[in-house]
Amino acid sequence: MPRPEAAAPSGPLRRTALPRIARRGTPEGALAALALFVAVRFVGVLAMILANALRGHPLLKSLAHSWDSRWYLHIAAQGYGHKIWITPQGAPQADWAFFPLYPGLIRTLTTVLPLTPGQAALLISWIAAGVAAYGVYAIGHLLYGRGVATALVALWAVMPHAAELTIAYTESLFAALAIWSLYHVLKGRWLWAGSLAALAGLARPSGFAIAIAVSLAAGYEALRQRGRVPVSLWAGAVLAPLGWLGYVLWVGQQTGDLLGGYFKVQSAWDSKFDFGIGSARFVKGLLLHGGGVVYPMALVIVAVGCLLFALLCLERAPLALVVFSGILILLVVGGSGSFSSKPRFLLPAFPLLIPMARALMRTWRARPAQAVLVYGALTLVSLLFGAYVTTVARSPL
């Protein structure tokens, strides 16, 4: 990781919804950070292709046709209401559980470009991952300066499940929209923040996390300014939840239960908020019977995420970042469903890495060789685990 040329500010902006920072152009050092991100994730893609080759699978199988990817590609080709899977328990799993923005973009690309749905899906994911990484850098630079911003992008690139940013899943698209929505909150551009949050709400079920973060930040700013705020602030707060809410109501209308239909669809996928009962049962079963590689690693990732959230709160990070990350942590810990999928739900929660990024930069300034060794170890674990979980393991992604 390159040594930063400029020292970071003495401390982060305090927990205000609208930090007072001068507007700037492209943050310095962004290209180097993005080059590092692209390089790490490119090697990750090569590792997945090699793993597929060694297993005798089509080289791009785990990239474009893994688990949920097949549902998104089917929706892009056929629309909704054409695919239902009956579980061994007899529960009908319908395609309405998958939000429409990603398959809609896939269908648009295949209409205007000579691409297969799988190729279009990967192109969207890869571009979105780069856009998201740039947003991570922009926020890190805004709050802490070039050094921490570079470390933040570097760490985000080597999260254990970062491989899932470059497969045909919605994580990178949702992350790009949510991260840039948060950036515009920090800059006080409420219409942009609300519009991007609304789009993020059309990308994933967890889209309401960014909607709540934007709306709460707007409310906090209104209180801080004693109501003397521009109309755009209220407009952004109202726009933020419309994407998620609109799709939930549409599914309800399709199922004949306007308010509860969507949640019944999700329940058939064993996706509901059970206040951590499912997570507690999983931990108990793991301790009693073990669980190979994927499930213990998933538990470690979630546990570390909870610890990092506590450290993020101690950092007094801006309110929107704390709320967004906190809701994603709450959904992971308190929600049901396969525990092997939970780490990827935390991929968009990049603010959790802020304490680690600041620590890494302190180490880099004091002992560069040690910082390189630590980052190299994290990169190796990320590449190996990413290739394993996407191409070898049979656990749901």
Side-chain angles (χ1 to χ4, degrees), residues 1-16 19 21-22 24 26-44 132-162 165 179 182-183 186 297 300-318 321-322 325 329 343 346-347 349-386:
M1 187 169 61
R3 183 186 293 271
E5 297 176 2
S10 58
L13 296 167
R14 295 309 175 196
R15 187 174 298 175
T16 60
I21 284 191
R24 300 176 182 175
T26 302
E28 60 176 344
L31 291 180
L34 288 176
L36 176 60
F37 177 85
V38 170
V40 171
R41 294 308 347 136
F42 178 71
V43 175
Y134 181 45
V136 170
Y137 185 89
I139 290 178
H141 191 276
L142 188 69
L143 298 177
Y144 300 98
R146 178 178 178 178
V148 174
T150 301
L152 196 57
V153 173
L155 289 172
W156 198 56
V158 298
M159 290 181 71
H161 273 64
L165 291 171
I179 289 167
L182 291 171
Y183 176 80
L186 297 177
M297 187 67 169
V300 169
I301 294 170
V302 172
V304 170
C306 293
L307 174 61
L308 290 176
F309 178 70
L311 295 176
L312 178 68
C313 293
L314 294 176
E315 288 277 349
R316 295 183 59 80
L321 303 188
V322 174
S325 302
I329 286 283
L346 292 178
L347 280 173
F350 80 94
L352 297 176
L353 299 174
I354 288 175
M356 287 182 64
R358 300 191 73 194
L360 183 62
M361 281 313 302
R362 287 193 294 267
T363 304
W364 170 252
R365 293 179 183 124
R367 296 179 293 278
Q370 184 176 338
V372 171
L373 182 62
V374 169
Y375 188 73
L378 291 173
T379 303
L380 182 61
V381 170
S382 174
L383 295 177
L384 292 177
F385 185 69

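Note that the numbering runs from 1 along the sequence shown for the chain.
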Visitor: What are the two closest heavy atoms between Val302 and Leu346, and how far apart are they?
Guide: CA-CD1, 4.4 Å
Visitor: Taking ring-ring contact (aromatic ring centres under 6.0 Å, His included) as the definition, give me every residue that meets it alongside Phe309, ordered by chain and number, with sequence neighbours left out.
Guide: none
Visitor: If the condition is side-chain contact (heavy atoms from CB on, under 4.5 Å), which residues does Ala357 pass it with, not counting sequence neighbours?
Guide: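 Result, side-chain contact (heavy atoms from CB on, under 4.5 Å) vs Ala357: Val148, Ala151, Leu152, Leu155.
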Visitor: Can you list the steps and then say if Leu36 with Val153 is a side chain to side chain contact (heavy atoms under 4.5 Å, CB included)?
Guide: CA-CA 8 Å; Leu36 176 60; Val153 173; over 6 Å; no
Visitor: Are the side chains of Tyr134 and Pro27 in contact, using a 4.5 Å heavy-atom criterion?
Guide: yes
Visitor: Heavy-atom distance under 4.5 Å between the side chains of Thr150 and Tyr137, does that happen here?
Guide: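 Of all side-chain heavy-atom pairs linking Tyr137 with Thr150, at least one is under 4.5 Å.
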Visitor: Dump the intermediate steps for side chain to side chain contact (heavy atoms under 4.5 Å, CB included) on Val43 and Leu383, then the final yes or no.
Guide: CA-CA 8 Å; Val43 175; Leu383 295 177; 3.7 Å; yes
Visitor: Specify the closest pair of heavy atoms between Met361 and Gly147, including all atoms of both residues, with the distance to one decimal.
Guide: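 What the structure gives for the nearest pair is SD-O, 3.2 Å.
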Visitor: Calculate, to the nearest 0.5 Å, the distance between atoms CG and OG1 belonging to Leu384 and Thr379 respectively.
Guide: 10.5 Å
Visitor: Verify the neighbour count for atom CG of Leu307: are there more than 12 heavy atoms of other residues, nucleotides or ligands below 6.0 Å?
Guide: yes
Visitor: Any donor and acceptor pair, going by atom type alone, linking the side chain of Tyr375 with main-chain N or O of Ala154 inside 3.5 Å?
Guide: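 Indeed, once roles are kept as given, a pair shorter than 3.5 Å links the two residues.
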Visitor: What is the minimum heavy-atom distance between Ala157 and Ala162, and which atoms define it?
Guide: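 Looks like O-CB, 3.4 Å.
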Visitor: Which distance, rounded to the nearest 0.5 Å, do you find between the CD of Glu315 and the CG of Leu321?
Guide: 11.5 Å
Visitor: My understanding is that only residues two or more places apart in sequence, or in another chain, count here; which of them pass side-chain contact (heavy atoms from CB on, under 4.5 Å) with Ala132?
Guide: Trp156, Ala175, Ala176, Ile179
Visitor: Indicate yes or no for a side-chain donor-acceptor contact from Ser382 to the backbone of Met159 under 3.5 Å, with no hydrogens or angles considered.
Guide: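 Present.
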Visitor: Report yes if the side chains of Leu352 and Ile329 come closer than 4.5 Å at any heavy-atom pair, otherwise no.
Guide: yes
Visitor: For Arg367, what residues pass the side-chain hydrogen bond (donor to acceptor under 3.5 Å, both in side chains) criterion, not counting sequence neighbours?
Guide: Gln370
Visitor: Start with the C-alpha gap between Leu311 and Ile354, add the side-chain angles, then the distance that decides, and say whether side chain to side chain contact (heavy atoms under 4.5 Å, CB included) holds.
Guide: CA-CA 9 Å; Leu311 295 176; Ile354 288 175; over 6 Å; no
Visitor: Check side-chain contact (heavy atoms from CB on, under 4.5 Å) between Val381 and all other residues, then give those that pass, not counting sequence neighbours.
Guide: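 Residues passing side-chain contact (heavy atoms from CB on, under 4.5 Å) with Val381: Met297.
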Visitor: Determine, step by step, whether Leu312 and Leu308 satisfy the side chain to side chain contact (heavy atoms under 4.5 Å, CB included) criterion, reporting the C-alpha distance in whole Å, the side-chain angles of both residues, the deciding distance to 0.1 Å, and the verdict.
Guide: CA-CA 6 Å; Leu312 178 68; Leu308 290 176; over 6 Å; no
Visitor: Compare every heavy atom of Pro351 with every heavy atom of Pro355, then report the nearest pair and how far apart it is.
Guide: CD-O, 3.9 Å
Visitor: Measure the CG-OH distance between Leu143 and Tyr183 for me, rounded to the nearest 0.5 Å.
Guide: 10.0 Å
Visitor: Partners of Phe350 by ring-ring contact (aromatic ring centres under 6.0 Å, His included), sequence neighbours excluded?
Guide: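 Result, ring-ring contact (aromatic ring centres under 6.0 Å, His included) vs Phe350: none returned.
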